[in-house]
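Have a look at the structure that comes next, please.
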2 protein chains.
Amino acid sequence: MASNISTDLIRGHTDTIILNVLQQGDSYGYQIYKTIIALSGNQYELKEATLYTAFRRLEKEGYIASYWGDETQGGRRKYYRITETGVERYRKNKQDWHFAKNVLNQLIEGGIQNEENKPGS
Amino acid sequence: MASNISTDLIRGHTDTIILNVLQQGDSYGYQIYKTIIALSGNQYELKEATLYTAFRRLEKEGYIASYWGDETQGGRRKYYRITETGVERYRKNKQDWHFAKNVLNQLIEGGIQNEENKPGS
DNA sequence: ACATATTACTTTGTCTGTCAATGTAATTTA
DNA sequence: TAAATTACATTGACAGACAAAGTAATATGT
């Protein structure tokens with residue numbers, strides 16, 4: 001893990017990242033933790049404490065829902081599922097990110113940029 | 001000012017943005033404030049309080065230096081100049097941003113991205 | 001068999017950057 | 001001459017990220 005990435009550069013994207021993972025199927029905390037590391041190509045680790053904080057936040061806001069897995073041995077894995085409003089939220093966040101990315105390019109690079117502006121979505 | 005951009009999406013880029021402005025010539029607080037709004041195409045306003053906080057931070061760390069303009073009427077404009085380490089810092093920050101941007105794309109968009117990976121500089 | 005590592009979830013407290021609110025004072029415009 | 005703009009500054013609050021520490025189960029190594 002090179003981890004060049006300062007926490008402030010990711011700040012604000014945590015929720016979007018989690019929602020993206022959950023959009024591809026239900027998952028539980030530790031697995032999501034591993035998935036994010038893998039997705040980043042081992043470049044970024046979203047810390048566990050941050051993750052679990054985000055789960056609370058997202059659930060409270062109704063973007064995800066949780067249920068315990070039926071592991072039959074102890075109260076093991078807590079699974080998360082993305083809700084409909086969660087999917088909407090993800091789409092919105094993704095748009096915002098594309099928008100912000102373009103503005104940031106303008107602000108960080110010197111003058112006027114060519115145009116690498118295709119929100120895709 | 002549509003200001004779609006949440007503060008958390010910019011967080012961590014403030015210093016880089018300021019250094020970028022100062023790289024194109026000395027300037028003073030209020031002008032930098034206006035320049036950033038213009039540079040963003042009126043899409044983003046870096047708040048004054050944030051700016052002045054950043055000036056302190058950057059000066060303390062030796063990335064910028066300040067001097068009073070010779071307005072001869074009152075202690076008017078405080079100009080800022082980017083230092084050599086400031087220029088280096090800017091370059092580093094820009095690289096970090098390109099790197100983080102690519103990782104973020106991976107984390108926010110679903111699967112594996114094509115490749116829009118040319119750090120430029 | 002026993003220690004260690006890994007899986008899995010949780011809480012508490014701290015730090016940092018951003019910004020609202022507020023203030024001062026000079027200059028410019030209506 | 002009142003109001004707006006320019007220009008700089010401080011204070012206090014808030015939110016997100018995370019280090020640290022902990023609990024408890026299962027798996028692995030020796």
Side-chain angles (χ1 to χ4, degrees), chain A residues 1 3 5-19 26-38 40 44-61 63-64 66-80 93 96 100 104 107, chain B residues 1 3 5-19 26-38 44-61 63-64 66-80 93 100 104 107:
Chain A
M1 183 101 36
S3 207
I5 303 182
S6 121
T7 128
D8 278 330
L9 298 198
I10 299 289
R11 198 191 180 95
H13 296 291
T14 318
D15 294 4
T16 319
I17 292 168
I18 294 170
L19 291 177
D26 294 12
S27 189
Y28 57 94
Y30 200 68
Q31 195 177 59
I32 295 171
Y33 169 75
K34 293 292 187 187
T35 302
I36 289 171
I37 292 176
S40 79
Y44 183 68
E45 176 198 8
L46 212 171
K47 304 294 156 33
E48 281 185 83
T50 310
L51 255 192
Y52 289 107
T53 306
F55 289 148
R56 300 291 140 61
R57 186 171 52 234
L58 286 166
E59 188 161 26
K60 205 177 71 186
E61 286 162 352
Y63 298 133
I64 63 175
S66 66
Y67 57 94
W68 287 101
D70 56 348
E71 267 71 38
T72 54
Q73 296 123 342
R76 293 280 51 136
R77 301 168 172 171
K78 192 182 202 171
Y79 283 85
Y80 295 98
N93 283 6
D96 288 353
L104 265 172
L107 292 173
Chain B
M1 184 99 35
S3 206
I5 303 182
S6 121
T7 127
D8 279 331
L9 297 196
I10 299 290
R11 198 191 181 95
H13 297 289
T14 318
D15 294 3
T16 318
I17 292 168
I18 294 171
L19 291 177
D26 294 11
S27 187
Y28 57 94
Y30 200 67
Q31 194 176 60
I32 295 171
Y33 169 75
K34 293 291 186 186
T35 302
I36 290 171
I37 292 176
Y44 183 67
E45 175 198 8
L46 213 171
K47 305 292 155 36
E48 282 185 82
T50 310
L51 256 191
Y52 289 108
T53 306
F55 289 147
R56 299 291 140 62
R57 187 171 52 232
L58 286 166
E59 188 161 25
K60 204 176 71 186
E61 286 163 351
Y63 299 133
I64 64 175
S66 66
Y67 57 93
W68 287 101
D70 56 348
E71 267 72 38
T72 53
Q73 297 124 341
R76 295 282 50 154
R77 299 167 173 172
K78 193 182 204 169
Y79 282 85
Y80 295 97
N93 283 6
L104 266 173
L107 292 173

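Just so we're on the same page: letters track the sequence lines, and every chain starts at 1. Keep in mind it's a predicted model, so treat the numbers as computed, not measured.
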Without decimals, in angstroms, what is the distance between A:R77 CZ and C:dT7 P?
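Going from A:R77 (CZ) to C:dT7 (P), I get 11 Å.
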
Rounded to the Å, how far apart are A:K78 NZ and D:dA24 C1'?
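Those two atoms, NZ and C1', are 16 Å apart.
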
Would you tell me if any nitrogen or oxygen in the side chain of B:Y30 comes within less than 4.0 Å of OP1 or OP2 on D:dT6?
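For D:dT6, OP1 or OP2 has a side-chain N or O of B:Y30 closer than 4.0 Å.
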
Quick one, B:I36 and B:E45 - any side-chain contact, counting heavy atoms below 4.5 Å?
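SC-SC contact between B:I36 and B:E45 ruled out.
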
Rounded distance (Å) that lies between atom C1' of D:dA17 and atom CD1 of A:I36:
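About 13 Å, once rounded to whole Å.
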
Whole-Å distance separating the CG atom of A:L58 from the C1' atom of D:dA17:
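The distance from CG of A:L58 to C1' of D:dA17 comes to 14 Å, rounded to the nearest Å.
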
Rounded to the nearest Å, what distance is computed from the CD1 atom of residue B:I32 to the P atom of nucleotide D:dT6?
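So the two atoms are 16 Å apart, to the nearest Å.
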
Going by heavy atoms in the side chains, are B:R57 and B:D15 under 4.5 Å from each other?
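In contact.
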
For a quick test of reading the model: is some side-chain N or O of B:K34 closer than 4.0 Å to OP1 or OP2 of D:dT5?
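No, B:K34 has no side-chain N/O under 4.0 Å of OP1/OP2 on D:dT5.
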
Check side chain to side chain contact (heavy atoms under 4.5 Å, CB included) between B:Y30 and all other residues, then give those that pass, not counting sequence neighbours.
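B:Y30 satisfies side chain to side chain contact (heavy atoms under 4.5 Å, CB included) with B:Y28, B:Y33, B:K34, B:E48 once adjacent residues are dropped.
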
Residue from B:T7, B:I10, B:I18, B:T14 passing side chain to side chain contact (heavy atoms under 4.5 Å, CB included) with B:T50
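Single side chain to side chain contact (heavy atoms under 4.5 Å, CB included) partner of B:T50 among B:T7, B:I10, B:I18, B:T14: B:T14.
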
Below 4.0 Å: OP1/OP2 of C:dA8 and any side-chain N or O of A:Y28:
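Checking C:dA8 against A:Y28, a side-chain N or O does come within under 4.0 Å of OP1 or OP2.
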
Protein heavy-atom contacts under 4.0 Å, written 5' to 3' over nucleotides 11-23 of chain C as B (base), S (sugar-phosphate only) or - (none), form the string B----BBBBB---

Think B:Y33 has a side-chain N or O under 4.0 angstrom from the OP1 or OP2 of D:dA7?
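Result: no.
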
A side-chain contact here means heavy atoms from C-beta on lying under 4.5 Å apart; do B:H13 and A:D8 qualify?
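They are not in side-chain contact.
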
Positive for side chain to side chain contact (heavy atoms under 4.5 Å, CB included) with B:L104, one of A:I17, A:I5, A:T16
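For B:L104, the side chain to side chain contact (heavy atoms under 4.5 Å, CB included) test succeeds with only one of A:I17, A:I5, A:T16, which is A:I17.
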
Quick one: A:I5 CD1 to D:dC18 P, roughly how many Å, whole number?
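These atoms are roughly 11 Å apart.
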
Can you tell me the distance, in whole Å, between the CD1 atom of A:I17 and the C1' atom of D:dG16?
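Going from A:I17 (CD1) to D:dG16 (C1'), I get 13 Å.
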
Considering non-hydrogen atoms only, spot the tightest contact between B:I32 and B:S27 and give its length.
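What the structure gives for the nearest pair is CG1-OG, 3.4 Å.
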
Spacing between A:F55 atom CZ and C:dC9 atom P, to the nearest angstrom
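Going from A:F55 (CZ) to C:dC9 (P), I get 8 Å.
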
